[in-house]
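Residue numbers run from 1 in the order of the sequence given.
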Amino acid sequence: QVQLVERGGGLVQAGGSLRLSCAASGLTFSSYNMGWFRQAPGKEREFVAAITWSGGSAYYADSVKGRFAISRDDAENTTYLQMNSLKPEDTAVYYCAALRKTYAKITNYYTQGSHYNYWGQGTQVTVSS
């Protein structure tokens, strides 16, 4: 059974930092690209960041570029999202997702949530002020 478990969410003041983690089990971690999405109340789910299966490339939404950093540790089957300079508009439930490795050229491959194979349960991030 595939599981993605997010941790690290919480309440933080504007300008502060949080580090989210996503521990994967039940899959071959190195065969999956990993992504982070978020959904704020009353809004659509949106892409935040993704990292390729090899860790060689990363992709970010314009709204988080320069503030967030995605990484992966294959020895621990874990993906991380370091969030700095947090803003109230970053408040959302953050979801980890796994996307099966492929060499196909697909438009918006990493940024479309519908492409992903597995999802975590989400973790709440609340930024005050």
> Is there a donor-acceptor pair closer than 3.5 Å between any side-chain N or O of Asn117 and the backbone N or O of Arg100?
Replying inline: yes

>> Consider side-chain contact (heavy atoms from CB on, under 4.5 Å). Of Trp119, Tyr80, Tyr118, Trp36, which one does Cys96 pass it with?
In response: Trp36

>> Treating Glu6 as the side-chain partner and Thr123 as the backbone partner, does any N or O pair qualify as donor plus acceptor under 3.5 Å?
In response: no

> Near Gln121 CD, under 6.0 Å, is it more than 12 heavy atoms from other residues, nucleotides or ligands?
Replying inline: yes

> For the residue pair Leu11 and Ser128, what are the closest heavy atoms and their distance?
Replying inline: CD1-CB, 4.4 Å

> Is atom CD of Gln13 surrounded by more than 12 heavy atoms (other residues, nucleotides or ligands) closer than 6.0 Å?
Replying inline: no

> Between the side chains of Ser17 and Asn84, is a donor N or O closer than 3.5 angstrom to an acceptor N or O?
Replying inline: yes

> How long is the span from the OH atom in Tyr110 to the OH atom in Tyr116, to the nearest 0.5 Å?
Replying inline: 8.0 Å

> Stepwise, does the side-chain contact (heavy atoms from CB on, under 4.5 Å) test hold for Tyr109 with His115?
Replying inline: CA-CA 7 Å; Tyr109 185 58; His115 294 157; 4.1 Å; yes

>> Rounded at 0.5 Å granularity, tell me how far CG in Leu86 sits from CZ in Phe68.
In response: 5.0 Å

>> Measuring from atom OG of Ser21 to atom CD of Gln82, what distance do you get when rounded to the nearest 0.5 angstrom?
In response: 11.5 Å

> Would you say the side chain of Thr91 lies within less than 4.5 Å of the side chain of Gln124, judging by non-hydrogen atoms?
Replying inline: yes

>> Using a 6.0 Å cut-off, check whether atom CZ of Arg45 has over 12 heavy atoms from anything other than its own residue.
In response: yes

>> Can a donor-acceptor pair be found, under 3.5 Å and without considering hydrogens, that links the side chain of Thr52 to the backbone of Ser57?
In response: yes

> Out of curiosity, Ile51 CD1 to Leu99 CG, how far, rounded to the nearest 0.5 Å?
Replying inline: 13.0 Å

> Would you say the ring centroid of Phe37 lies under 6.0 angstrom from that of Tyr95?
Replying inline: no

> Under a 4.5 Å cut-off applied to non-hydrogen side-chain atoms, are Ile70 and Tyr60 in contact?
Replying inline: yes

>> Working to the nearest 0.5 angstrom, can you tell me the gap between Arg19 CZ and Arg7 CZ?
In response: 13.0 Å

> In Å and rounded to the nearest 0.5 Å, what is the CG to OG1 distance from Leu20 to Thr79?
Replying inline: 11.5 Å

>> So which atom in Ser85 and which in Arg67 form the shortest heavy-atom distance, rounded to 0.1 Å?
In response: O-NH1, 3.0 Å

> Out of Val64, Val48, Val125, which one pairs with Leu81 under the side-chain contact (heavy atoms from CB on, under 4.5 Å) rule?
Replying inline: Val48

> Any Lys/Arg nitrogen of Lys87 or Asp90 sitting under 4.0 Å from an Asp/Glu carboxylate oxygen of the other?
Replying inline: no

> Are the side chains of Arg38 and Glu46 in touch, meaning some heavy atoms are under 4.5 Å apart?
Replying inline: yes

> If every non-hydrogen atom of Gln39 is compared with every non-hydrogen atom of Lys43, which pair is closest and at what distance?
Replying inline: NE2-O, 3.2 Å

> Taking the six-membered ring for Trp, is the centroid-to-centroid distance between Trp53 and Phe29 below 6.0 Å?
Replying inline: no

> Any idea which heavy atoms bring Ala40 and Ala92 closest together, and the distance?
Replying inline: N-CB, 3.8 Å

>> Strictly distance-based, threshold 3.5 Å: is any side-chain N or O of Thr28 a donor or acceptor partner for the main-chain N or O of Ser30?
In response: no

> Would Phe47 and Val93 show up in the same hydrophobic cluster when neighbours are defined by side-chain heavy atoms closer than 4.5 Å?
Replying inline: yes

